[in-house]
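First the structure, in the form of structure tokens, and then the observations on it.
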2 protein chains.
Amino acid sequence: MNNLATLQRIETAPDDWTERQRQVLDATLSLLIENAANITMIGVARRASCSKETLYKWFGDRDGLLVATVRYQASKVKVEPFDAEGMSEAKLTSVLLGFATDLLTILTGEISIALNRLAIAQAHQGADGINMGSIVLQNGRFSTGPRLKPALEAGMKAGLLRQSDSEDAFRSFYGLVVRDVHIRVLLGDTMMFTENEISTEADRAVQQFFHLYGA
Amino acid sequence: MNNLATLQRIETAPDDWTERQRQVLDATLSLLIENAANITMIGVARRASCSKETLYKWFGDRDGLLVATVRYQASKVKVEPFDAEGMSEAKLTSVLLGFATDLLTILTGEISIALNRLAIAQAHQGADGINMGSIVLQNGRFSTGPRLKPALEAGMKAGLLRQSDSEDAFRSFYGLVVRDVHIRVLLGDTMMFTENEISTEADRAVQQFFHLYGA
DNA sequence: CAATCGCAGTACCGTACGGTACGGTACGCG
DNA sequence: CGCGTACCGTACCGTACGGTACTGCGATTG
């Protein structure tokens, strides 16, 4: 990951799109969901009822539009801050459950699937600068980790969890939550996922995690 | 997964390629590894030192060539049979360790990454029949599961593992082994993976699995 | 009202690629 | 030798798409 500097630079560039521009990005997203592979400029223009010239003016080129779309979507997910003070077993459990539920809900959602497909498809051909894979990684996996870590560390401090590397603990938790779900949905396996099933899966993962890392 | 019938039909069609045809498929693979996205017929023809006409004659069309390549690669991985008789703790541990090591080695290998990228990229647009996602799923995730299950069930029978659904146990084991590795490498995260690191990861996963499912 | 701006719509261009056709060559066989 | 077969190399065609330029229209501003 030598793109951290690049990503920082991008991060500082504000995503202050106008309403109309957000409409265009939403149109791109909807098209992406329908078929992430065959996305064309004329297709986006038609869907958004705008001209190709406008697309090029606003986003530079095709890649710019796609990157903007990915980052726009990323900017839509809110991260609610979390206070690590006064950690109790009930609270830790609730935080873990919420995290697992959110993660499964997002990963199996059509938007996440479409964007991951897009990013994976061209993760290798990042000849010139920005490649979408790192952006998705940053806003996906690499943003969820640091978000949960404080809770894990607070849990260790409070004697609820065994002392261990919190990064490693998080990765194991991630594995217990996601298992083979992500790769299966990405490859087109149409797994049914009701709210109930996700909740059950989250429960299981949290229980297993406490088995492994509980004090 | 309504493609099982389709896959069966494909499975019965023999992959008895000639030596020359295998050379072409290997050339396709090598090109796929370099850049899974920009693969063209003329590119393959040049790399394989054959004519486009021959490609079309042998593989029908571009999709046929890609599918043949995926299935050709799948046919290369040997599955060594496994006898579930006389299961001991040492043997079960060894089987699990071997499985975990193989899985991590394959998933982080460039061939697997290239093929998964290709399959994921167009997993959604399977307008006409065969989509590569299901093929990769069948030869990847869905072939490893049934391969390990007998060992898990023998372990349960021998009282080494808690009684539980072997599919569920396998999926948890899979999660503990793979964690976030697969999605990260697919998205272009260049994780270093030496043999030693893989071995360490496999050890950890097996230990954790016994913690969760050991009797 | 006139000048300007933003943008939709569309025509246009260059190129890349999938797919086809054809010429040329090597080889096997009667 | 003549014929067929297999195949390489390449020219060719149609199309799709990225990107650019131009036109027209409605809104804004002075």
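Note on naming: letters A, B, ... go to the chains in the order of the sequence lines (proteins, then strands), and numbering restarts at 1 for each one.
Here B/I39 lies in heavy-atom contact (under 4.0 Å) with sugar-phosphate atoms only.
Ion pair B/E197/B/R204 not flagged as a salt bridge, since none of the NZ, NE, NH1 or NH2 atoms sits closer than 4.0 Å to an Asp/Glu carboxylate oxygen. Taking 4.0 Å as the cut-off between side-chain N and carboxylate O, A/R141 and A/E167 count as a salt-bridged pair. For A/R171 and A/D165, the salt-bridge test fails: no basic side-chain N is under 4.0 Å from an acidic carboxylate O. Between B/D26 and B/K76 there is a salt bridge, with a side-chain nitrogen of the basic residue lying less than 4.0 Å from a carboxylate oxygen of the acidic one.
Candidate nucleotides D/dA6, D/dC22, C/dG19 were compared by shortest atom distance to the side chain of B/D61, and C/dG19 ranks first. Here C/dT20 is the nucleotide among C/dT20, D/dG9, D/dG18 with the atom lying nearest to any side-chain atom of B/K52. Counting only heavy atoms from C-beta on, B/K57 has its side chain closest to D/dC7 among D/dC8, D/dC7, C/dA8. When distances run from any side-chain atom of A/R20 to the nucleotides C/dA8, C/dG18, D/dG18, the shortest one goes to C/dA8.
One interatomic measurement links the two molecules: OH of B/Y56 to P of D/dC13, which rounds to 17 Å at whole-angstrom precision. The CZ atom of B/F59 sits 15 Å away from the P atom of C/dG18 (whole-angstrom rounding). Spacing between atom CG of A/L55 and atom C1' of D/dT20 amounts to 13 Å, rounded to whole angstrom units. In this entry the distance linking CD of A/E53 with C1' of C/dC5 reads 13 Å, nearest Å. Between the CD1 atom of A/I42 and the C1' atom of C/dG9 there is a distance of 9 Å, given to the nearest Å. Between B/W58 atom CH2 and C/dG19 atom C1' there is a gap of 18 Å when expressed in whole angstrom units. The CE atom of A/M41 sits 17 Å away from the C1' atom of C/dC13 (whole-angstrom rounding). When rounded to the nearest whole Å, the span between CG of B/N38 and P of D/dC17 equals 16 Å.
Applying the 4.0 Å criterion to OP1 and OP2 of C/dA8, one finds that A/T54 has a side-chain N or O inside that range.
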Check the pair B/H182 / B/Y174 against side chain to side chain contact (heavy atoms under 4.5 Å, CB included), numbers first and verdict last.
CA-CA 11 Å; B/H182 206 183; B/Y174 183 98; 4.1 Å; yes

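Using the six-membered ring where Trp is involved, B/F173 and B/F209 have ring planes that are tilted, between 30° and 60° apart.
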Can you give the dot-bracket line for DNA chain D, using ( ) for pairs inside the strand, [ ] for pairs that cross earlier ones, | for pairs with another strand and . for unpaired bases, where Watson-Crick and G-U count if both distances are under 3.5 Å?
||||||||||||||||||||||||||||||

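Between A/L65 and A/Y56, the closest side-chain pair of non-hydrogen atoms is not below 4.5 Å.
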